[in-house]
Amino acid sequence: AERCGFPWAQPESGALMEHASGRGSAHILRASAARRVPQVPLLHIWAVASVCIAGVVAEGNGELKYCRAPEDCAIMSVRRGFAAKLCTERQHIPTFLTWPLRRMRLRITQMERIEPLASGSWWGAGLGETHSTPWLFYTAPARGFCALGIAPASWCRDCQTQQCQVVAPWWSPNALDGLLPPYGGCVHVHGLPKGVVRAEATWTSEFDPLVPLMVASGLILSHAWEPMRESAILHAAIGAACSVVVVVAAFLWFAFRQTRGLVQGTVPFGQSLGPLVMALLTFIPTARQALLVYAMPRSGWDLLEFVLAWRDPFLHLPMGSIVMAVALAIFAVSVVLGARFSVRFFASPPDPDGDVAFVIGSDGRRVDALAPRPWPQSLLGLIIWSSGALLLLFSTYTDMVSAALLLLTLSWRTVAHRVRQRWMQSSSMRPEDLRQLMPRSAFVKEGQVSTARALLELQDALRANPGLVRRVKEDCELRLRRFAEDGGHIQVAPELHDTGGKILQCVVL
C-alpha cells in the first residue's frame, strides 16, 4: 500500500508501528482504516491494489530477510535501483586450512509468493517469465594467479572493483544458491524473482564436491596421457563426436540456406526482413521471449511428442516417426564412419618384422630403433596432458595448493625414483650384516705393520740382486739405490707437513 501511495496507507504520527515490530498486516489495516480510510468502493480498492501489486512484482521488488545468525535477522527492502548488499562476516568464513575444499553459499529461499508457479520449481523458471531468478551480483578479491598477473587476462574477471553476476546452480529446486569463494565477498540482490514478495537469505560454508573430482581428473590425465593417446577406444570416440558435429553443422547450414532462399524469393522485402527480425530478437528481449514461448515447447519430452505426432495431412503418414528414424540412421552411420576414420588417422605404424636395431640407453635400457610416432598422436597427447595440468592448476580455491599439486605431478617420477633409491639403500645388505668388522684402530695398526714388513722384504731383495735397480726408469734408479742402501724412499717437502688437519697415509698391502 505504501508503494502505491494509497491514502489509507499513510499513517499519522506514531501510527502503524506494529509493522516495524513484526506484527501482522491485519493490525496495520485496522489501525489505518480506523483513522484515515475514506469512503472508497471496495471494487476500486481491489482494482488499484491489483495493478500496484502487478507493478511491484514485475519490477522484482519485495522484502528480503537476511539472517547473520539464527537469532540475528533483519528485513531489507529490494527495489529497482536499491540493491540489498549481503556481505560475509568473520563467523561465516571457514578456517584457512579448509579453504581449498570449501566454498561460501548464499541461499535465498522463498517465503511469500503472489503469482502462482508456472513450472515445478519454486522459482518458476519457465520460458516467458521476465524475472524467473533473482538478479545477483557479487564483489570478491581476485584469485592469486590473477592478482600476480600470471593467468591470462581472458581467464580473470575484475570482480573486486566491479560487480560480477552470480551463476545460480540448477540442482536446487526449492531455493537459489549464490556460490562464492571461501574467502568471502559481497552479494548484491537487485531484484527478486517474478511473483516473489518475500524471501530469506543466509550464509553457509560447504564442501565442494567438484574439487576432488577435478583433482582426480587432472591426475589421471597428466599421468595416463601416454597410454591414452594410443588408445583406439579414445580415437573412435573422438571420431564419432566430430562426425556428429559435422553432420549437425551441415544440416543447419543447409536449412539456413534453404530458408533464406525461400524468404528472399517468395516474401516481399525478404532480403531485408531477415536482418530486421534478427535485430528485433537481439535488442528486444520481450519479443525474443514471446517467440520462444510460442514456438518452443517447455521441455524436451514435449518437443519429442510434437515431432512424433506430426503426420502427413493427405495420406496421414507418420512423418515424425519417419524423420526420427532417418535421423537416427544418419546418426548411427556418421558415428561408425567417423570412428573408423579416426582410428586410422591416429593409428601407430605397424611393428617391424625380423631383427630390430637397438641401442643401450644411458640408464641401461634397450632402446629399439622404431619408426617415429605420428604427429596426430603427439598432438593428442599434448592436449590431454595440458588439459590435466589446467584442471590441477584451477582445481582448488587456494592457488598455492593448486600450484603445489601441479608441481608434485610434474616431479612425481623424479621424487618416486629418489624415494625408491633410498629405500633400496636402507634395505640392502651391508658388510656388518654378514660378519663382525674389526675396529678402525686395529685396521690402521695392522696396515702400518704390514707396510713396514713389505718394505723390509723389498729392501732385502734389492740388496741381494743389485741388478734390479737397472730395470726401472732412469729418474727412479737413483731413488731405488738410496732405498736399497739406507731404506729412505720418501722425502716430504716442508710445505707438505701442514695438511690442514687431514691425515695423509700410504699403505701397501
(request) Using a 4.5 Å cut-off on heavy atoms from C-beta on, say whether the side chain of L179 contacts that of D208. (result) no
(message) Before you tell me yes or no, could you show the steps for V326 and M324 under side-chain contact (heavy atoms from CB on, under 4.5 Å), namely the whole-Å CA-CA distance, both residues' side-chain angles and the distance that decides it to 0.1 Å?
(response) CA-CA 5 Å; V326 172; M324 186 65 65; over 6 Å; no
(request) Could you list the residues that satisfy ring pair (Phe, Tyr, Trp, His ring centres under 6.0 Å) with Y397, not counting sequence neighbours? (result) none
(message) Can you pull out every side chain to side chain donor-acceptor pair (under 3.5 Å) where at least one residue sits in residues 371-384? Sequence neighbours excluded, please.
(response) E230-R373, S348-Q377, R373-Q377
(request) Kindly compute the distance separating CH2 (W385) from CD (E226), expressed to the nearest 0.5 Å. (result) 12.0 Å
(request) Nearest 0.5 Å please: distance from the OG1 atom of T139 over to the NZ atom of K85. (result) 6.0 Å
(request) State whether the number of non-hydrogen atoms from other residues, nucleotides or ligands found under 6.0 Å of F331 atom CZ is greater than 12. (result) no
(request) Ignoring hydrogens and angles, tell me if any N or O in the side chain of S222 forms a donor-acceptor pair with the backbone of G218 under 3.5 Å. (result) yes
(request) Any chance you could measure D399, atom CG, to L406, atom CG, to the nearest 0.5 Å? (result) 12.0 Å
(request) Answer whether the closest heavy-atom distance between the side chains of R68 and Y66 falls below 4.5 Å. (result) yes
(message) Can a donor-acceptor pair be found, under 3.5 Å and without considering hydrogens, that links the side chain of H190 to the backbone of V78?
(response) no
(request) Assess the side chains of T414 and S411: does a donor N or O sit below 3.5 Å from an acceptor N or O? (result) no
(request) Indicate yes or no: at least one non-hydrogen side-chain atom of L462 is less than 4.5 angstrom from one of L480. (result) yes
(request) Go through V367 and F358 one step at a time and tell me if the side-chain contact (heavy atoms from CB on, under 4.5 Å) criterion holds. (result) CA-CA 5 Å; V367 181; F358 66 92; 6.0 Å; no
(request) Measure the OG-CG distance between S395 and L390 for me, rounded to the nearest 0.5 Å. (result) 11.0 Å
(message) Quick check against the 3.5 Å criterion: does H223 have a side-chain atom that pairs as donor or acceptor with the backbone of I220?
(response) no
(message) Is the shortest side-chain heavy-atom distance between L455 and Q459 below 4.5 Å?
(response) no
(message) Could you check whether any side-chain N or O of R105 sits under 3.5 Å from a backbone N or O of L180, counting only pairs where one atom can act as donor and the other as acceptor?
(response) no
(message) Rounded at 0.5 Å granularity, tell me how far CZ in R430 sits from CD in Q425.
(response) 11.5 Å
(message) Using only atom types and a distance under 3.5 Å, with no angle test, would you say the side chain of S386 pairs donor to acceptor with the backbone of I383?
(response) no
(message) To check you understand the geometry: which heavy-atom pair defines the closest contact between A84 and L64, and what is its length?
(response) CB-CD2, 4.2 Å
(request) Report the distance from atom CG of L468 to atom CZ of R463, rounding to the nearest 0.5 Å. (result) 14.0 Å
(message) How about CG on L434, more than 12 heavy atoms from neighbouring residues, nucleotides or ligands closer than 6.0 Å, or not?
(response) yes
(request) Answer yes or no: is there a donor N or O on one side and an acceptor on the other, between the side chain of R103 and the main chain of F207, under 3.5 Å? (result) no
(message) With a 3.5 Å distance limit and no angle check, can you tell me whether D368 reaches the backbone of L370 through a side-chain donor-acceptor pair?
(response) no
(message) What I'd like to find out is whether the side chain of W225 reaches to under 4.5 Å of the side chain of L382, using heavy atoms alone.
(response) no
(request) Output yes when a side-chain donor or acceptor of E63 lies under 3.5 Å from a complementary backbone atom of A199, and no otherwise. (result) no
(request) State whether the number of non-hydrogen atoms from other residues, nucleotides or ligands found under 6.0 Å of F341 atom CZ is greater than 12. (result) no
(request) Measure from the side-chain N and O atoms of D460 to the backbone N and O of E457, and report whether any donor-acceptor pair falls under 3.5 Å. (result) no
(request) Would you please test C67 and E200 for side-chain contact (heavy atoms from CB on, under 4.5 Å) and show each step? (result) CA-CA 8 Å; C67 296; E200 182 177 359; 3.6 Å; yes
(request) In plain terms, say whether E206 and R102 are close enough for a salt bridge, that is, a side-chain N and a carboxylate O under 4.0 Å apart. (result) no
(message) Tell me whether the count of non-hydrogen atoms from other residues, nucleotides or ligands lying under 6.0 Å of CE in M438 goes above 12.
(response) yes
(message) Can a side-chain donor-acceptor contact be found between T396 and S402 if the only test is distance below 3.5 angstrom?
(response) yes
(request) Grab the two heavy atoms, one from T88 and one from G184, that are nearest each other, plus how far apart they are. (result) OG1-CA, 3.4 Å
(request) Check whether any side-chain N or O of S217 sits under 3.5 Å from a backbone N or O of L213 as a donor-acceptor pair, and report yes or no. (result) yes
(message) Could you tell me if the side chain of F346 sits less than 4.5 Å from the side chain of L380, heavy atoms only?
(response) yes
(message) Quick check: do M424 and Q421 have side-chain heavy atoms less than 4.5 Å from each other?
(response) no
(message) Taking atom CD as the centre, does E432 end up with more than 12 heavy-atom neighbours from other residues, nucleotides or ligands that are less than 6.0 angstrom away?
(response) yes
(request) Sequence neighbours left out, what passes ring pair (Phe, Tyr, Trp, His ring centres under 6.0 Å) with F254? Give chain and number order. (result) none
(request) Could you check if a side-chain atom of I93 sits within less than 4.5 angstrom of a side-chain atom of W99, using non-hydrogen atoms only? (result) yes
(request) Taking side chain to side chain contact (heavy atoms under 4.5 Å, CB included) as the test, write out the residues that go with L221, two or more places apart. (result) M228, I384, S387, L391
(message) Just to verify, what does R481 make a salt bridge (charged side-chain N to carboxylate O under 4.0 Å, His left out) with, not counting sequence neighbours?
(response) E477
Name the atoms and distances for all side-chain donor-acceptor pairs under 3.5 Å in residues 235-251, with sequence neighbours left out.
unit_1: H235; atom_1: ND1; unit_2: S231; atom_2: O; d: 3.2
unit_1: H235; atom_1: NE2; unit_2: R229; atom_2: O; d: 2.7
unit_1: H235; atom_1: NE2; unit_2: S231; atom_2: O; d: 3.3
unit_1: S243; atom_1: OG; unit_2: G239; atom_2: O; d: 3.2
unit_1: S243; atom_1: OG; unit_2: A240; atom_2: O; d: 2.6
unit_1: S243; atom_1: OG; unit_2: S334; atom_2: O; d: 2.8

(request) Show your working on side-chain contact (heavy atoms from CB on, under 4.5 Å) between T98 and T95 and close with a plain yes or no. (result) CA-CA 6 Å; T98 61; T95 58; 3.1 Å; yes
